[in-house]
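Per chain, numbering begins at 1; letters A, B, ... match sequence-line order.
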Amino acid sequence: MRSARLLVQALRAPETLRDPDWSALIAAARAEQLIGSLAYRLENLDIPPRIAAILEAAQQDAAQVRTQALWEAEMCRRALAETNIPVVLLKGTAFHAAGLDASIGRSVGDLDILVPRDRIEEAEAALIAAGWERMKAADGYDDLYYRRWMHELPPLVHATRDRMIDVHHTILPLTARPTPDADALIADAVELESGLSVLSPADMIVHAAAHLIADGDLAGGLRNLWDIDRLVRQFAADPAFWPTLAKRARHHQLERPVARALRLAERLYATPVDRAVAGRPSLSDRLFEARLLARNGWGQEKRKALRFAFYVRSHWLRMPPLMLARHLWTKARG
Amino acid sequence: MSGTEDKAAEEGSVMPSRRTVLVLGAAAASTVVTIRPALAQTAGSVLNCEIPVPGPHAAGSHIARDGSLVPPGTPGAAPPLARPLRGEEARMLLRGSTPPGVQPGSSQAYANYIRRLQSGMSGFTCYASLQMPR
Amino acid sequence: MAAIRYIADAQEAVTVVELDGLSALFHAPSGITHIVAPPAPEILAALREGPADAAELLRRLRRHYEIEGDALEARLEELAQAGLVRRA
Amino acid sequence: MRHSLSLSIGPVAFRVGSAWRAPIDALASLYAGYATPEGGACDFTVRLEPETMWRRWVRPSVAIRGDYILPDAAPLPLGMGLLAAEMGMNLQMALGQKRYLLLHAASVEKDGRALILTGESGAGKSTLAALLGERGWRLMGDEFALLDMATGALRAFPRAISLKNGAISVMEREVIPTRFGPRIENTPKGTIRHLRPQAEAIARMDEPARPALILFPRFGEAAAARGVGQAEVFMRLTQASTNYVALGRAGFGALTGLVGAVPSAAIDYPDTDAALDLVETLWKAAA
């Protein structure tokens, strides 16, 4: 069995594991950044002592990752407090801050926040005043590219904590064909006790789907899909969730990525989905599934051609053809 | 104000006695050292790592004396290095000496470039691994 | 304009271990360790009485100490940078 | 992967896979007699693989990969495959070890008590530990010391000792030839030769020891020892640890506990005999 398949099984139905190849499972979980989530899913199961010790350490590590992520959010809040700019936490930090099931064992790398587009430069200045620094040369092509075409500032890194922050003003590059309504994302965000906000439940799913299906090459996609599984299972307890999700997905022009993400979550993690929103299975779902599972028992990525196809697709989605040519040309000329 | 003072006087037991001298120091002094993650000496000694100067994100740029990236032809700027620095060469530069094959006049620019490397940039983990406590 | 007021975390948020003259300080909300020298621990203790600006804090410190130097605001900003105190 | 080997070193188990046979053969011979992990379950996976597909055959170069990857790690020529495997194991420890507080330090044991030697590379801690390991001490490890955060005990991690340049001839005068690995010339760190620990150190690798003395050796000065303040010891050890920050409160408790309980000193030494004398003197004083 491909180890990615084993990882998916272990997350979906841990009780069905029968003397698996533990080293392969651990390698896949680490490669997919799901070791923390796996550690909590396998709690209370009868597993070999060495693996139990690894998973226990992974749980403790996840707790520390959570502390760090929440602290970065808090330091960002402090830095922006006097500007009164509304700050919406995104992705992993948002799950942790809102205490969602998706945060259990969830790894977090950078801090991602969403602010109104017309205040993004003010936010950047306040962050720089509070100790964050620009990472890339401020006069290079990359910087120009970011500012003109991307949905975020060039990343900033904190001078003493070495942690990165990505300041977004929307959730897809401006060049991508769908145009999500960033104002609505911010207007409907849910404020937390700290004063920071997170996206509304439906928007959170829309963002996760956009990130997975419409904005990347699906590398590391098993974790994003696991987020979607956990979020959907928790949010679907509210009867208004599915109709709201359908409406929001349409509003943000992301119906198809949302439907695709839901179908993939269903295929891999047996997520209960509303057929009216997820749509009928399509043949191409299999390609996506194969791409997500392209990892062997040593943690190596397999199926090079398929991965390359998705890589090209990710650029195609982000840029109109002429711009893609210009981008690749500028990169190549260095 | 007096109310606050009374309250504080009651709590005074947790504080040292009066007349102890407390030096607030100069504005530029530092009384807090934060422990940062140290990939440490370890990676430096156990790994074989490289620092491209400049990194691929700025290929073709020249390096000013302060380590910043400038367009080719800028007066006083050092040209890109033909091959990445090895850990030991980077360490020599940071100590102020010039490794073989590097123009002595350019070594300060390269050293400053390395010092300005930040997390996420090519070569950073290598640089981090060269940070030695003394 | 009103002077900046600062707040310190509650005592439980910080674990302190004395290391001959200096203090190792584990700050639970951030998971970060700091090594601090005087007057940082004294400022943190005085600030735990309640939010204060530099002038008020100086009054509190004077009750217990003979104060030398005038860089209290610099010390407070340093502690704020480290996340050990925050602006009210 | 085509070729592979699993290996227990103290409390840590590795699975090393390789696209070529030679590195695995070299590893198997250097680590003959080490235990195979029970049930095959391993802490870490190391992969030695070609940088690009054709590099398996054309000027083969070994990329060091695994569970944890350092993007700047440069590949090594296939002739240095054994070194690549060793670096790969070190890399997993440096980036992924979360069960123990990891100190970049050598350690040796006597009467259940451990001496920890730490300092920047080039300070000679490997050589000192190797020599002590031949002179009545049990070698616990020359590269990493693992502190058990629950008990405060030190765990052994007796890998093959990585001898560099001048240290090689020092040990060749001391130890029978069969305990050495191949001589690897022109590595990024000069010449390297691995030395198998004594059989007893391998047999007793699961025995922990109580930390009793911390020394910071420095080579090249007149013989001298000076006390080091606790704050400085603490600071130096956080910088000698790859995972201190990631371990949060548990790491803080373990390290402040170690610094509070164990005496320490910085030692300068002009030659290894002087160093060994200093160590024995300070050890007696600490007892």
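Counting non-hydrogen atoms of other residues, nucleotides and ligands closer than 6.0 Å to CD of Glu38(D) gives a total of 12 or fewer. Within 6.0 Å of atom CD in Glu73(C), 12 or fewer heavy atoms from other residues, nucleotides or ligands are found, so the atom counts as exposed in its surroundings. More than 12 heavy atoms of other residues, nucleotides or ligands shown are found within 6.0 angstrom of CG on Asp277(D).
Distance check: Glu232(D) CD to Leu22(C) CG gives 10.5 Å after rounding to the nearest 0.5 Å. Between the CG atom of Leu25(C) and the CZ atom of Phe252(D) there is a distance of 7.0 Å, given to the nearest 0.5 Å.
Using a 4.5 Å heavy-atom cutoff, the side chains of Thr33(C) and Phe234(D) are in contact.
Neither the backbone nor the side chain of Val233(D) has a heavy atom closer than 4.5 Å to any heavy atom of chain C.
Proximity of a side-chain donor or acceptor of Asp20(C) to a complementary backbone N or O of Gln230(D) within less than 3.5 Å is detected.
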Output a table of donor-acceptor pairs, distance under 3.5 Å, between side-chain atoms of residues 149-159 of chain D and any protein atom two or more places apart or on a different chain; print 'none' if there are none.
unit_1: Thr151(D); atom_1: OG1; unit_2: Ala153(D); atom_2: N; d: 3.1
unit_1: Arg159(D); atom_1: NE; unit_2: Tyr31(D); atom_2: OH; d: 3.1
unit_1: Arg159(D); atom_1: NE; unit_2: Glu86(D); atom_2: OE1; d: 3.4
unit_1: Arg159(D); atom_1: NH1; unit_2: Asn90(D); atom_2: OD1; d: 2.9
unit_1: Arg159(D); atom_1: NH2; unit_2: Glu86(D); atom_2: O; d: 3.4
unit_1: Arg159(D); atom_1: NH2; unit_2: Glu86(D); atom_2: OE1; d: 2.5
unit_1: Arg159(D); atom_1: NH2; unit_2: Asn90(D); atom_2: OD1; d: 3.4

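In terms of non-hydrogen atom pairs under 4.5 Å with chain D, the most contact-rich of Ala28(C), Ser23(C), Ala24(C) is Ala24(C).
Chain D is approached within less than 4.5 Å, heavy atom to heavy atom, by Thr15(C), Val17(C), Glu18(C), Leu19(C) from residues 8-19 of chain C, ordered by number.
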